[in-house]
There are 2 protein chains.
Amino acid sequence: MSYISYMIDDNASSSPLSRKAAPPTDFGFRPLYRQVKEEFVRRMVDGRWATGTALPSEQGLAAELGVSQGTVRKALDELAAENVLVRRQGRGTYVAEHDEARILFQFFRLVPDDGIARFPDSEVLSQGVHAARKDERDALVLPSGAKVARIGRVRSLGRSPVILETLSLPDRLFPGLTQSPVPNSLYAHYAAHYGITIAHTTERLKAVTLAGEDAARLDRPDGHPALRVERLATALDGRAVEWRVSLCLTDSAHYLVNDAPKGPHKAAGT
Amino acid sequence: MSYISYMIDDNASSSPLSRKAAPPTDFGFRPLYRQVKEEFVRRMVDGRWATGTALPSEQGLAAELGVSQGTVRKALDELAAENVLVRRQGRGTYVAEHDEARILFQFFRLVPDDGIARFPDSEVLSQGVHAARKDERDALVLPSGAKVARIGRVRSLGRSPVILETLSLPDRLFPGLTQSPVPNSLYAHYAAHYGITIAHTTERLKAVTLAGEDAARLDRPDGHPALRVERLATALDGRAVEWRVSLCLTDSAHYLVNDAPKGPHKAAGT
DNA sequence: TCGGGAATGTCTTATATAAGTTATATGATA
DNA sequence: TATCATATAACTTATATAAGACATTCCCGA
């Protein structure tokens with residue numbers, strides 16, 4: 001008797017969720033908790049839940065959306081597993097912030113051979129808006145004729161330069177980005193000033209040898225090996241928003257890839 | 001009234017699980033579902049659940065362990081998220097197999113620039129048992145004097161060599177491994193013949209330039225850039241079991257890193 | 001070959017208890 | 001009075017259970 005709302009669900013409720021989105025073909029069926037999750041993502045994308053915001057309690061959200069607490073919980077748990085939300089027992093659930101610690105943990109993989117990851121300093125070499133090159137249009141899925149904001153910079157750990165990189169972003173999404181000095185921590189800047197949250201990155205690595213100006217900028221001789229990292233960053237809604245090509249010195253650092261589970265996983269020791 | 005078993009739990013049950021392992025200090029407390037998970041890992045480690053095995057149903061496991069189906073489900077879900085189990089609605093839950101598709105998906109990250117990942121062929125150059133070098137002992141946590149099985153091989157995609165690598169394994173865990181020809185797909189071999197399941201890898205990457213014999217083996221001139229990948233593979237129970245150093249050519253391939261969530265995650269598109 | 005179950009995993013709801021955090025009240029002390 | 005420590009209340013999320021509806025798959029029989 002108490003399962004009526006689950007069975008019929010969209011007859012008299014003001015809820016934006018419906019169990020079957022496509023009645024004719026059953027294609028596109030999504031579980032309720034996933035629809036709830038998508039609603040939460042919408043709220044973050046459109047700014048209702050900005051980074052750092054404390055969410056209402058599970059009970060409150062459940063009442064508001066007309067679903068049970070368990071369903072809300074499953075949606076929140078998945079978003080927490082994706083590092084989009086942060087949950088703390090007794091305190092509440094928060095929209096994750098792009099602070100240095102999180103970026104270091106989630107996105108920055110170049111770590112010193114002896115020691116732990118640190119956030120590198122940046123020196124901007126150039127910044128401006130240009131017509132997008134073909135590689136940029138391909139990566140960012142832009143039409144021909146589109147413009148990109150382009151930033152060149154050198155990043156250092158300690159005193160010596162380690163990374164030489166060029167960033168490209170759709171000018172339409174980041175108007176005015178390069179008209180004032182850009183901060184060291186870009187992802188926090190995107191979130192704070194453009195409401196765009198970087199949620200996910202894909203990186204392609206190649207080994208190359210340095211030459212000419214690149215070698216000079218990194219203070220290494222021609223023919224010195226370096227790691228070339230192409231990173232495509234996508235926002236919460238899945239749009240590609242940043243294309244980054246980095247030349248990384250790996251003389252006293254390495255690129256770390258760990259396929260370990262993120263959360264409180266760990267197999268039982270014997 | 002039906003929650004008594006949850007509250008006292010270990011008074012009259014034959015269950016191997018207990019809610020509080022350490023009564024004096026509450027240190028070492030683990031939730032029930034995690035104890036269930038550890039029990040499942042034990043069964044895989046000691047061979048009761050070999051790779052490919054179909055697990056009993058959730059209801060059956062719940063009845064056997066004296067917990068609810070939801071608790072079993074939470075444990076199974078975490079193991080599935082770690083790629084240790086594979087769940088298919090309507091079919092059942094299976095211990096993941098180390099077939100080529102899974103290795104390609106989970107462990108092999110060197111993909112051709114144009115096209116999709118393929119499993120490379122191998123040509124073994126050398127295999128034998130030796131006294132462990134210091135770097136091997138450090139990586140595999142072996143005492144001085146320990147012996148390792150060592151394998152050198154060249155791997156090719158299509159006709160041209162792409163990877164030159166050396167593998168080291170504790171001889172104690174893999175007796176006789178190098179006394180007969182080793183197969184191309186090693187992780188399946190470990191599981192089938194030694195009951196050791198590779199669950200997790202950590203890789204450290206550096207850019208280097210080739211020289212001497214390495215260059216010759218890979219058919220490239222001295223000074224040619226290559227990706228040096230150090231991989232430490234650990235088993236289900238957390239032990240380090242394989243140490244691998246690979247030199248990868250990235251002329252027409254790249255190393256792919258994707259931080260996307262594994263499972264059925266994907267943010268809502270607008 | 002087709003269709004109808006049976007088995008199994010998946011989703012949803014509901015409820016109860018545990019445990020961590022924060023705010024508020026209380027009372028002793030300086 | 002002001003301050004500090006402690007108790008307590010009121011939140012929150014985390015864990016656990018149970019039961020029913022639903023989707024998917026597979027097998028068996030017509």
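All values below come from the heavy atoms of this structure, side chains included, with hydrogens, waters and symmetry mates left out. First the proteins, then the strands, lettered A, B, ... as listed; each starts at 1. As the structure is a prediction and not an experimental result, all values here were calculated from the model.
Position along DNA chain C of the nearest nucleotide to A:G70 versus B:D77 favours B:D77 as the more 5'-ward residue.
Atom OH in B:Y33 sits about 18 Å away from atom P in C:dA18, given to the nearest Å. To the nearest angstrom, C1' of C:dG9 lies 10 Å from CD of B:Q59. Distance, A:R73 CZ to D:dT15 C1': 8 Å, rounded to whole Å. In this structure, CG of A:L55 is placed 19 Å from P of D:dC11, rounded to the nearest angstrom. Note: CG (A:L65) to P (C:dC11) measures 18 Å, nearest angstrom. When rounded to the nearest whole Å, the span between CG of B:L61 and P of D:dA16 equals 16 Å. Straight-line distance from the CD atom of B:Q35 to the P atom of D:dT15: 12 Å, rounded to whole Å. One interatomic measurement links the two molecules: CG of B:L76 to P of C:dG9, which rounds to 8 Å at whole-angstrom precision.
In this structure, A:W49 and A:F40 have tilted ring planes: the angle between them lies in the 30° to 60° band. Between B:Y187 and B:H98, the ring planes lie perpendicular to each other; the angle is over 60°, past the 30° to 60° tilted range.
Note on B:S68: every side-chain N or O is 4.0 Å or more away from OP1 and OP2 of D:dA18. Residue A:T71 has a polar side-chain atom (N or O) positioned under 4.0 Å from OP1 or OP2 of C:dT13. Contact annotation: B:K74 does not reach the phosphate of D:dA16 (side-chain N/O to OP1 or OP2, under 4.0 Å).
A salt bridge does not link A:K74 to A:E58: none of the charged nitrogens lies less than 4.0 Å from a carboxylate oxygen. Using a 4.0 Å cut-off between charged nitrogen and carboxylate oxygen, B:R231 and B:E203 count as a salt-bridge pair. Salt-bridge annotation for B:R43 and B:E39: present, with a side-chain N of the basic residue lying under 4.0 Å from a carboxylate O of the acidic one. A:E78 and A:R87 are not joined by a salt bridge, as no carboxylate oxygen comes within less than 4.0 angstrom of a charged side-chain nitrogen.
Proximity of residues 87-97 of chain A to DNA chain D (heavy atom under 4.0 angstrom from any strand atom) is restricted to A:R87, A:R88, A:Q89, A:G90, A:G92, A:T93.
B:E58 comes within 4.0 angstrom of a base, heavy atoms only. Among the protein residues, B:Q69 comes within range of the nucleic acid bases, having at least one heavy atom under 4.0 Å from a base atom.
The side chain of B:V67 lies closest to D:dT17 when the candidates are D:dT12, D:dT17, C:dG9.
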Take A:Y190 and A:I198 through the side-chain contact (heavy atoms from CB on, under 4.5 Å) test and state the conclusion after the steps. CA-CA 8 Å; A:Y190 300 162; A:I198 302 297; 3.9 Å; yes
